[in-house]
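Proteins get letters first, then strands, A, B, ... in listed order; numbering begins at 1 in each.
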Amino acid sequence: SQTIHQWPATLVQPVGSPLSLECTVEGTSNPNLYWYRQAAGRGLQLLFYSVGIGQISSEVPQNLSASRPQDRQFILSSKKLLLSDSGFYLCAWKRDTYEQYFGPGTRLTVT
Amino acid sequence: AQKITQTQPGMFVQEKEAVTLDCTYDTSDPSYGLFWYKQPSSGEMIFLIYQGSYDQQNATEGRYSLNFQKARKSANLVISASQLGDSAMYFCAMREGPDSWGKLQFGAGTQVVVTP
């Protein structure tokens, strides 16, 4: 069966520091991968998606970037965090079905 | 413009009763899909049910059913026989186009609290 991992689970970072969040999927190949952000008490906002290695599409211009160095690895990065980058970051995957399956998420607090 | 609208920010329901969560959507694409996800306090998003725009029958998955009214552009989730474990945030989401790389747009969510 397929599983999706995200780490770290929680992160507290000062403004201006770099960020790297990692997501890996097991048990499938060539999945579509997605990064979402959820502000407190809000719905999910799609940040990036990828349909293959090295292919990244950005939905929202902002202080973040994404990379897909391997088929089942998706990384969310920032060179300098802003206070507004705080939130709950969720990675998701899909392959042959319409629905997406989500990881456990990373709770990021920028101080 | 908001594509997915969930007008109920929160609701209480008694155990064993049914609850209906409202979702309306806005799209001009004839091919689309609607999803419901559950988010417990742990934060993980759990897929519940899916309805395609061309599906003739309303989708059902165990205690979950989707009341799809295409003309009214609504896709309400019905949870029958509520359980304490159903307490969570519930999100309606939509994809537009045949698949459009699977991109989903989410509503703001409805908080459900099931009481004994």
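- For A/Arg42, the CZ atom is loosely surrounded, since the number of other residues' heavy atoms within 6.0 Å does not exceed 12.
- Within a 6.0 Å radius of NZ in A/Lys79, other residues, nucleotides and ligands contribute 12 heavy atoms or fewer.
- Between B/Arg95 and A/Tyr98, the closest heavy-atom pair is NE-CD2, 3.2 Å.
- Residue B/Ile46 does not touch chain A at all, counting heavy-atom pairs closer than 4.5 Å.
- B/Met11 and B/Val78 end up in different hydrophobic clusters when Ile, Leu, Val, Met, Phe, Trp and Tyr side chains are linked at under 4.5 Å.
- In the hydrophobic clustering of this structure, A/Leu83 groups with A/Leu81; members are Ile, Leu, Val, Met, Phe, Trp, Tyr whose side-chain heavy atoms approach within less than 4.5 Å, directly or through other members.
- Hydrophobic clustering (side-chain heavy atoms under 4.5 Å, transitive across Ile, Leu, Val, Met, Phe, Trp, Tyr) keeps A/Ile75 apart from A/Val60.
- Counting heavy-atom pairs closer than 4.5 Å to chain A, the top residue among B/Ala93, B/Gly43, B/Gly107 is B/Gly43.
- Atom OH in B/Tyr50 sits 8.5 Å away from atom CD in A/Glu99 (nearest 0.5 Å).
- Rounding to the nearest 0.5 Å gives a distance of 7.5 Å between CE of B/Met89 and CD of A/Gln38.
- Contact annotation for B/Gln6: neither backbone nor side-chain heavy atoms come within less than 4.5 Å of a heavy atom of chain A.
- Nearest heavy atoms, B/Lys103 versus A/Tyr34: N-CE2, 4.4 Å.
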Between A/Phe88 and B/Gln39, does the side chain to side chain contact (heavy atoms under 4.5 Å, CB included) criterion hold? Intermediate values first, please.
CA-CA 12 Å; A/Phe88 189 51; B/Gln39 187 178 40; 3.8 Å; yes
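- Hydrophobic clustering, with ILVMFWY side chains joined whenever heavy atoms are under 4.5 angstrom apart, groups A/Leu21 together with A/Val15.
- Rounding to the nearest 0.5 angstrom, the gap separating the OH atom in A/Tyr101 from the CD atom in B/Glu44 is 12.5 Å.
- Closest approach of B/Leu104 and A/Leu46 over heavy atoms only: O-CB, 4.4 Å.
- Nearest heavy-atom pair across B/Tyr37 and A/Gln100 is OH-O, 2.7 Å.
- Chain B forms the most heavy-atom pairs under 4.5 Å with one residue out of A/Leu44, A/Leu90, A/Val51, and that residue is A/Leu44.
- A/Val12 is not connected to A/Leu64 by any chain of hydrophobic side-chain contacts under 4.5 Å among Ile, Leu, Val, Met, Phe, Trp and Tyr, and they are in different clusters.
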